[in-house]
Amino acid sequence: MDFSAVSSALKAIGELTQEVTSLWGVDEQVERLASELRWMQSFLKVADARKVDHEVIRTSVVEIRELAYDAEDVIEMFALKVASKRKGGFSNCIKRSACFLKEGCLLHQIKSEIEKITARIEVLTRQLKTYDVSKLGVDGEGPSSSTERREARRPYPHVMDDNIVGLDKDIEKLVSVLVDEESECKVLSICGMGGLGKTTLAKKIYRQSQVVGHFEHLAWAFVSQNCQIREIWEDILSDLNILTEVDKKMKVEKLAEKLSSFLEENKCLVILDDIWNTKAWDSLKPAFSARKTKSKILLTSRNKEIVAHADKNGFLYELQELDYNQSWELFQKIAFPQTNSPGYKIDAKMKELGEDMVKHCAGLPLAIIILGGILATKYPSLTEWLRVSANVKSYLNNDKGEVLRDVLALSYDDLPPYLRPCFLYLSHFPEDYEISADRLIQLWVAEGILSSKQEEGDEGQIAEDVAEGYLLELAERCMIQVRERDNIATLKIRSFQMHDLMRDGCLSKAKQQKFLYIADQSNECQLSTIGRVRRVSAHKFIPLQCIKSPRLRSLLLFDELLPNEEQENILPLTMRSYFENHEYDSDNPLFCFVALLMLSVLGTKFRGIWKYMFNNFNFLRVLDYERGDAGCKLPNDIGKLIHIRFLRLRGLYFLSSKLPSSLGNLRCLQTLDLRIKSECSNSIHVPNVLWRMQQLRHLYLPKRCSPKTKLKLGTLRSLQTLVNFNTKSCYIKDLINMTNIRELEIRGPFNIEDFNTEELGKNPLIVQSKYLHSLSIINYEEGIDPRHLAHLLSSCDSISKLSLDAAIRRLPEYHYLSSNLAYIKLRRCMLEEDPMPTFAKLPYLSMLELHEEAFIGKEMFCSGQAFAKLESLCLKELNFLEELRVSEGAMPCLRRLEIENCRQLKKLPDGLRFIATLQELKIESMPKTFKDKVEEGGEDFCKVQHAPSIIFQNCEW
């Protein structure tokens, strides 16, 4: 159940009572409200702990969330409009006296609002108290739907499915590990999302002849979410033919001891099917505690972390989706019953329909089997196939597709309460959308999705750290598919996607719980009649005026504010025709007049959209735009969004290059992305008001600020991310106040005033954050003084990532570099001396990239024992590099080497032959003569013949 809304409201009340010395006028109301919310929270926790699945509870959760949101809004209104003005000081007292009547009216309104919300909560509380939660979970409605789903999924190892495709390589790999007696691996795990075929693969291995011949005994046990250890151990003993009537009565400890002893003395394979978490393994492991044994355990799970928890030498096998050819092969076996008949030929039209429909299953075997089964019952009616083809997804979600829904629903059922709203939030994003991890985490924090107890962790761990852990947990549970990781040093998730069918399940749950509303042109009329929408995600353009919910909390727009087609519809046909027919006649005064008139019409339309939004959605917490034209300028009315936490304007085009000073009113902002663009200027003017946003955690400035911009940022002590900082638009001294900064990107000028060039150590520190892990410098137009760079780097002694894109000519000496550096990328640095001897001293460097004249010398040398941890080396567009030498013993851990467009490089280094860890060599945009040397039969092939993957791209010139 979703506790996050209630937790967020209670957190707001707690912060208010801590920060405000007097709640005069509303103290009783606030305490009553908090008391009712605490009861609601405890009720939900009990209901969730007992897995209560009752219609009354499901309906109540939605109502509780609405009440909690209302409570949080009104409490924050009091904090921002009344409490913040009750600070001491003579001048503040004078100001308060001048608007005392206005404050009194506002206080009365807020007091009345709190009383109304409390009354609504009390009514709901009385209703819920009539239901005994302790009974509902047991016999209120019989077994919960989650329990029924688990039982329906119970597998039987002797029942085999003939319709199996694409598992041969999987079986071969797993069997080779299972029968390897020299391996220290005792626990193997087949992992993947629901419906991928993990149990099917385990069954095939269970009956595979090599496995049956190798092991003396085999046993199978179904674990599931409701792990019953005695039942599981008895099932295993029964399969091993050693279960007696006495065993059924003995203590569970003795049962575990008997099983452990048998596994130690015999060579057995035990398959634990559908194990969900490490807690389940911990309860079962007393029976698998034998150390010196030839027995092995094979798990199937949706959770990747279990195998490492069970066995430090464990083997994780991630099952992949079927490719298109495999999907089509499986589909044919089921949908066309007569495929195996001699001379049978599939109808051409049905084949065309089938090939298209199978794409909707996205390689998930269970979905293909269900779709094929539906179509097999309608074979050979082309009319019926056309009907299914017209709406494939609805058929996968109807009664016939119930098995698929249940399989995916089990993953949601198993999520702990703190992860459920995080998972449901993913339904905001369109199908096949690649989601940025940083953006999502910032959205989670801004919306209060993290529960209050989980939000701030131990030892300085902040909300973003906790959220990152949640995202990793969703990946470990195979509920998201990681697309890009930060680098091999940290493995932090950078972006991910959702499997289409997992996303469908997520969207279905979100709609069922009224978590959000997905808006498009097909339902915009319906949206205008719904008054209690809290979150709207528009995947395609909709007129924002159709949203009539004044309590809207988040608005995510994935299409343009006003697409070109809509702009054309707004302009009169005669005006458009004239403009199109005379677009090359720009000197004509009439043409200029028509162009200005068109701009005026569109500008008025854009202004109307902005004003509607800012005047009607005053409770917005999140406003996120994707891209596109945005009108003449950002209106001053944006200052009315006083509750907003997340404002992303990246990629929006305005005619004006000035941002309004009313941005300073947005004092609750946590994330502000100002990377906008102007049609009339290549720089943006940002008013000096950002210093007021003292809750700001992530700030993205425009790529280029106007010469008039000079920002004071020293008050932003909570800032973690600062992008596009430079000393022309900001003050360098402000960086030292940002003691929580984690990621700093400098773009443009970086000059230190009154710099002591004789004794660098006497210059004041620039950065004093012990959390800074990433530093980027981009200034390829002017470059950067190497002495200033050295002093900056000496202040950043904790960074693990360094990216330099600036002409520096000379690399700072080794002692200025952080010993924690794991990732370095240099671009256009124009280094004249070989940087390798300096980088070779970095003990944790695992990824090095040198791009586009980062080095302009002719030779680079990696000496023996250097680069002990380096795993990836990338050389791109080093136009003067003629020779790369690698000594024996250098780069002993290198896994990947990429060489691209280094035209003068004559050959591969001889030392590669000694690097046994090399997995991939990629050669791109190199001369054909170089490619010929590296290919099999070439003079350099012997140096890399041990690498499993050698890739050539664009090497034909």
Side-chain angles (χ1 to χ4, degrees), residues 12 15-16 19-20 72-87 89 91-92 95-96 98-99 102-103 105-107 109-110 442 445-448 550-555 607 609-625 630-650 652 654 656-676 684-702 705 708-719:
E15 288 175 352
L16 180 67
E19 294 174 12
V20 182
E72 188 180 3
D73 288 342
V74 74
I75 290 296
E76 189 164 277
M77 181 73 75
F78 177 82
L80 293 169
K81 293 195 172 182
V82 179
S84 63
K85 295 181 173 60
R86 291 183 176 177
K87 295 176 182 176
S91 61
N92 212 45
K95 289 176 186 175
R96 282 193 63 206
C99 55
K102 182 180 178 182
E103 183 181 313
C105 292
L106 187 59
L107 186 63
Q109 178 190 342
I110 290 171
Q442 290 165 15
V445 175
E447 288 243 42
R551 295 278 183 172
L552 190 69
R553 288 172 71 90
S554 77
L555 179 60
R607 190 161 53 251
I609 295 171
W610 287 114
K611 283 187 172 290
Y612 178 83
M613 195 186 311
F614 298 151
N615 289 313
N616 290 278
F617 306 147
N618 293 146
F619 291 94
L620 269 180
R621 304 271 174 131
V622 166
L623 188 53
D624 189 347
Y625 293 97
C632 295
K633 65 177 183 177
L634 189 66
N636 279 316
D637 289 349
I638 194 170
K640 294 179 179 179
L641 303 182
I642 60 172
H643 297 275
I644 200 158
R645 266 83 165 158
F646 181 102
L647 178 61
R648 183 173 180 264
L649 304 175
R650 183 178 186 179
L652 290 186
F654 292 93
S656 170
S657 61
K658 292 184 179 180
L659 288 167
S661 58
S662 61
L663 280 171
N665 296 343
L666 312 182
R667 301 191 182 192
C668 290
L669 266 176
Q670 296 173 355
T671 298
L672 176 61
D673 194 334
L674 297 176
R675 289 176 288 186
I676 64 170
I684 304 296
H685 176 65
V686 183
N688 184 28
V689 295
L690 304 186
W691 60 270
R692 297 179 187 172
M693 305 172 184
Q694 294 183 24
Q695 295 184 39
L696 209 57
R697 302 162 85 101
H698 309 280
L699 174 60
Y700 305 86
L701 295 169
C705 290
K708 292 182 179 180
T709 298
K710 197 66 176 177
L711 303 173
K712 293 180 179 179
L713 304 175
T715 56
L716 308 183
R717 296 179 183 273
S718 298
L719 210 61

Looking at every heavy atom in both [X] and [Y], which two are closest together, and how far apart are they?
| X | Y | value |
| --- | --- | --- |
| K633 | S656 | CB-CB, 3.6 Å |
| L666 | I638 | CD2-O, 3.3 Å |
| W691 | T715 | O-OG1, 2.5 Å |
| P635 | S662 | O-OG, 4.4 Å |
| W610 | L652 | CH2-CD1, 4.0 Å |
| C668 | I642 | SG-O, 3.6 Å |

Looking at [atom1] of [X] and [atom2] of [Y], how far apart are the two atoms once the value is rounded to the nearest 0.5 Å?
| X | Y | atom1 | atom2 | result |
| --- | --- | --- | --- | --- |
| L719 | R717 | CG | CZ | 12.0 Å |
| Q670 | L696 | CD | CG | 9.0 Å |
| D637 | K611 | CG | NZ | 3.5 Å |
| L634 | F614 | CG | CZ | 5.0 Å |
| M693 | N665 | CE | CG | 8.5 Å |
| Y625 | R648 | OH | CZ | 12.0 Å |

So do the side chains of [X] and [Y] get within less than 4.5 Å of each other, counting heavy atoms only?
| X | Y | result |
| --- | --- | --- |
| R553 | D73 | yes |
| L701 | T709 | no |
| L674 | I684 | no |
| M613 | L623 | yes |

Candidate pair N618 and H643, rule side-chain contact (heavy atoms from CB on, under 4.5 Å), full reasoning
CA-CA 7 Å; N618 293 146; H643 297 275; 5.6 Å; no

query = Any chance the side chains of N688 and K710 put a donor and an acceptor closer than 3.5 Å?
reply = no

_Flag for S657-H685: side-chain donor and acceptor within less than 3.5 Å_ = no

- Taking R697 for the side chain and Q695 for the main chain, is one N or O donor matched with an acceptor at less than 3.5 Å? no

Is R621 reaching over with its side chain to a backbone N or O of S554, donor-acceptor style, under 3.5 angstrom?
no

